[in-house]
Amino acid sequence: MSNSIYTAPVYKLVDFNNLFIELTAKNCNQRCSSCYIEFGNNFGITKQVKDFISVDKIKEAIEDTKNENLYCIYLTGAEPMTHPDFNTILRLCLKRCNVCICTNASFLNEKKIRFLKKVEEEGVNIGVKIGTTTSCGTDIKQQDKNGGNQIFFKLSVTHYNELESDKAKYRGNFRQTIYALKTLSRYNFNSVLSVQNYYKLNEDEIFENFNRIFKEQDITNTDIQITVSHPSFEDDNFSKPSKKTDCMYGRILCQNGVYACPFLANDYRGRSGSSFKDFSKNITAETDFCATCSKNNNYMFAIG
Ligand code: SF4
């Protein structure tokens, strides 16, 4: 038996590339069984919780981070598209850099996707240009080929089999996600399909099956990046410090302050400060979530 005492690693903010904004902590129209957010019994009666972040808070954060090397702002939640000022917030953030919408896909019908394409194009028309103009692929650091900032989408499933996936998400999630990916692809949006490997599947099997599904659905999968993440399991422990975590390259803004990463949003263990005027650049990685990061050794939320 080893007598050594485990010391949690301290992760420093290496470069501030990713600003996550929690638009709502608890408001979600679905509430998947596999979600890391604890919705609690208080919210069991209704899914409508009025805990939306204010637009002023977001404006302040964008101003305070104006000298940071931001690649992307991530609109997260619970479900970010339930925010009543979602369109205003999206336009505001797109003026600063690329935006990734992390959504359960249920609001992504063709009408909404067409509208979002128009919003993205407004940025080009009003000449929002920073850095070089390049073609984009799914590289979050790049603007689109017309020089405007882009909207990305991050959707998630748990299995390539519809019924198995829906068991850990919500009924109809798989079908809606594939439909949304197909429609987003038709409108030339770049998307990330995050496969939360809840069932401990072999990664090759996951890629092969999604490539098959995309082919069957006639989806040009060059617009879709597939990522596999390994959610937390009971046997998780810290094997070694991670090389790359979300807290090394970003922070999350919540209505009541700044936190290390989306896992630790509103959790005192991840508290970094009250605003981006003065916030901590270090975090002690001591939570079960941090063990999950150590196992994945890569971003759990950011893309690219
Ligand atoms: S959960 Fe991961 S990203 Fe968040 S503070 Fe811990 S190590 Fe960093």
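Worth knowing before you read on, the calculation uses all heavy atoms, side chains too, and leaves out hydrogens, waters and symmetry mates. Atoms within each ligand, like the ligands themselves, are counted from 1 in listed order. Fair warning: this is a prediction, and the values are worked out from it, not measured in the lab.
The closest side-chain donor-acceptor pair between E79 and N29, if any, does not fall under 3.5 angstrom. Looking only at atom types and distance, the side chain of E110 has a donor-acceptor partner in the side chain of Y187 under 3.5 Å away. The closest side-chain donor-acceptor pair between D56 and S54, if any, does not fall under 3.5 angstrom.
Ordered by chain and number, C293 SG make up the set of protein N, O or S atoms under 2.8 Å of atom 2 (Fe) of ligand 1.
Every pair passing ring pair (Phe, Tyr, Trp, His ring centres under 6.0 Å) that includes a residue from residues 257-283 is listed here, sequence neighbours excluded: F16-F276, F16-F279, Y36-F263, F263-F289, F263-F301, F276-F279.
E205 pairs by the side-chain contact (heavy atoms from CB on, under 4.5 Å) definition with Y160, L201, N202, N209, not counting sequence neighbours. Here D85 pairs with V55, H83, T88, I89 under the side-chain contact (heavy atoms from CB on, under 4.5 Å) rule; sequence neighbours left out.
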